[in-house]
Each structure stands twice: as C-alpha cells, then as structure tokens.
Amino acid sequence: MPLDSLTQQPPDGLLALMSQYAADPRRTKLDLGVGVYRTEAGATPVMAAVKLAEQRLVDIQGSKSYLGPEGDVEFVRALQPVVFGAALTAELGGRLTGLQTVGGTGALRLAADLIAAASPGHRLWLGTPSWPNHAPVFAGGGLHVRPYRQFDAATQRFDLEATLVALNQAATGDVVLLHGCCHNPTGADPTAAQWDQIIEVVVQRGLVPLIDIAYQGLGQDLESDAWALRRIVARVPQALVAYSCDKNFGLYRERVGALFVVAARAAGAEAALSHLAAHARASYSMPADHGAAVVRTILADATLRAQWSDELRGMAARIASIRNGLSALGQVGLVDLTPLSQQRGLFALLPLAPNVIERLRVEHGVYMAGNGRINIAGLAQSAVARFGDALAAAQTAAAA
Ligand code: LMR
C-alpha cells in the first residue's frame, strides 16, 4: 500500500479555527467559530441535569457489557415522543423505527448508507449554503449530491422561490435534505406558510425528506422547533430523521444521536433497521453508551426532565437576547444585522468578504467560520457593541 503517494489533506476549517483561537493570547478575543452553546461568561458547562444523571449512573449502573449495533434501545424509544410528539409517535406505530448513532453526523452517514443500499448513487437535493460537512458525508455514503440555492444573502432570508424551483425539478423518489430548525449556517428557517408550500411540493412530487435536526429547543422551544418536522412526517409515506443530542443536552464530545426511519409499512421499517444495524456493525460495531444512557436517564425521570427543559429554555432565551442586541445595531458597514432577530438558533451568515473575515481575526481577535458564519452564543451581551465596532472597522480598513 503506497502511503507515500497520498497528498496532505487540508484540515477541517471549523475545527482548525478552534486551535487557532486557543493559541491566541489576546484576552479580548471572541470565539464565534464552532457551534457550541456558551454562557455569558463564555463557558460551555456540563448541564446540571446531565451532571445529576451522570451521578445516578455512577451509583446504579451495574454493567458495561455490550449493547449491540442499535445502541441503547430505551434511549431511542424515550426520544421518539420528544422528536415526533406523543400523538404522531402513536399514529406511526410500527412504521417508525430507529437506532442510536454516533452523534448527528453518524446518523446522517448511516442515512446515506441506507439510501445507497436501496439505490446506489441515489440523488439527494441539498439546499446551499448548508453545514459544510453535509456534502462530504453524503458523497462519502455514495449519494449523488445535487446542490441548489436556498438562501438570499442580500436579504438574509430563506429563499422560497429558488427552493420551489429546484424541488419541482426533482424526480419521484429523490431525497431532499431539510434542516428541521435553526438552519446551519444561516439561522434563516422557512416560515410556517413557507414550510407548507415546501411540504406540498415534497408530497406532490413523491420526494423523500431526510430531516436533519440538531438544535431542537435552542430556537424557540422543544415543541415549536419540532413543528415543521412533525408536519412533514405526518404527510409522507417515507422519511428519515437524523437527530443530535450534542447541542440540546450539551453532550458534544459524547457523540449522541439517533437515526429514525419512517417507512410506508412496518415490514419496511424492520428491514431498514436490519440494514442500519448491519452498516453500524461493519463500520464501528456499536455506538458508545455513556451519552445515550445520560439522555435516557434524564427523559425517564420527571424531575431531571423538568430541570433539563428549564436549562434549555434559558439557553434559548440567552441566544434570542443576543440576536436582539445584534439586530438593534442595524446596518454596520455593508452588513444589515436587522434580520438576525427573526432568525433562530446558534448561527447567522454574514455577507463578508474573505479579507474582512481575516482582518476581524488578525486585527480584532474575532474568530468566525471562513464563510462568514458567526455563532451567536459566542457573544456576551457586553461584547455585542464591541463586535459591531470591529465589524465596522474591519470593513472600512478592507475598503481603504
Ligand atoms: C458546527 O456546525 O459548528 C457544529 O455542528 C460542529 C461541527 O461538527 O461542525
């Protein structure tokens, strides 16, 4: 095997930014890079409900023996009503199945493997801009990725027209990736009326939605953030849902997620699950247990669950208040921050040239993704004005 013939791969842009930020000695630096929740003090603490659940596990867990490629089945079962709601979960019955995955990314990759097993080289429509890892994950799973524009950078809003034009070109059975809530990287979700128009096209053309939902509870609240997902799933015979607990349980490095399959019939769901288990077994055998056990413990206990949803509500409220603070800055140079209060979740995508993004980092210690994405939660209330000043200064300097 000629390893010497391999060429060096560039590091992942977002992950490289984390080490650049860590190496920067400036005390005034701002980390608006990777998508993690931060407190006003800039910390990403372990949630109190998680700490309590971990303590309980230490006390009562009797074995660490293998669970199997499907992971923690009770975790998957407990998560279903959180994601789909109790009524839809009951209505779907045996048509709904799922398994624990290695974070949301693992769920997306298993979804790609499943689709490719049913139809090699199958077409997946991906609205852009999207999370930069979407296309590599789907292509790595053997899908044919078909990008289309879904965001209007000038107005900072979801582009319904471009989306409908693209989806109307899709063929029956094509898969379409949809962000369930808190769009990454734009923060610009469709409105309820826009979702209904998208769903109509998905239903009319017989498309298969693959819904990526990684921020439930960090936009508005657990129920509102799942509204679109539930509305879609209720209308289609088949759907896939890639779920991440990394952000809403703050379990990032524990890599906790799930892939749910909704099939036209219970027998199809069972067959799909057997394929997913086989793919998991052939790639990593089975997922790590700890994070899923924590989530299951929280969801099974009324007190822990209430504490978790209170904490999550507090996180969403802090993100919303930073959004309002940024929005109140209005027009800053060429960037209109006003729409940020209408967007949801951790991210906004600012229309900034690469030299402005570089000046922000080098001259002002403001770290953001190379595409202009900022993590709203990386800002403290007290840093909003400073960020606005840096944004204005970097644009002025770049234009000089
Ligand atoms: C992000 O978009 O920053 C997060 O989802 C982290 C990642 O893995 O990219």
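In each ligand, atom 1 is the first atom listed, and ligand 1 is the first ligand listed.
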Requested in this report: May I ask you to check whether Tyr243 and Phe84 place their ring centres under 6.0 Å from each other?
Outcome: no

Looking at [X] and [Y], would you say the former's side chain and the latter's main chain have a donor-acceptor pair under 3.5 Å?
X      : Y      : result
Gln395 : Leu391 : yes
Thr97  : Ala269 : no
Glu74  : Ala293 : no

Report task. State whether Asp24 and Lys29 are salt-bridged, where the test is any N-O pair (Lys NZ or Arg NE/NH1/NH2 against Asp/Glu carboxylate O) under 4.0 Å. Result -> no

Could you list each N/O atom of ligand 1 together with any protein N/O atom closer than 3.5 Å, one pair per line with the distance?
residue	atom	partner	partner atom	Å
ligand 1	2 (O)	Trp131	NE1	3.2
ligand 1	2 (O)	Asn184	ND2	3.0
ligand 1	2 (O)	Arg373	NH1	2.8
ligand 1	3 (O)	Gly35	N	2.7
ligand 1	3 (O)	Arg373	NH2	2.8
ligand 1	5 (O)	Lys247	NZ	3.0
ligand 1	9 (O)	Trp131	NE1	3.0

Query - Residues in salt bridge (charged side-chain N to carboxylate O under 4.0 Å, His left out) contact with Arg373, at least two apart in sequence or another chain - result: none

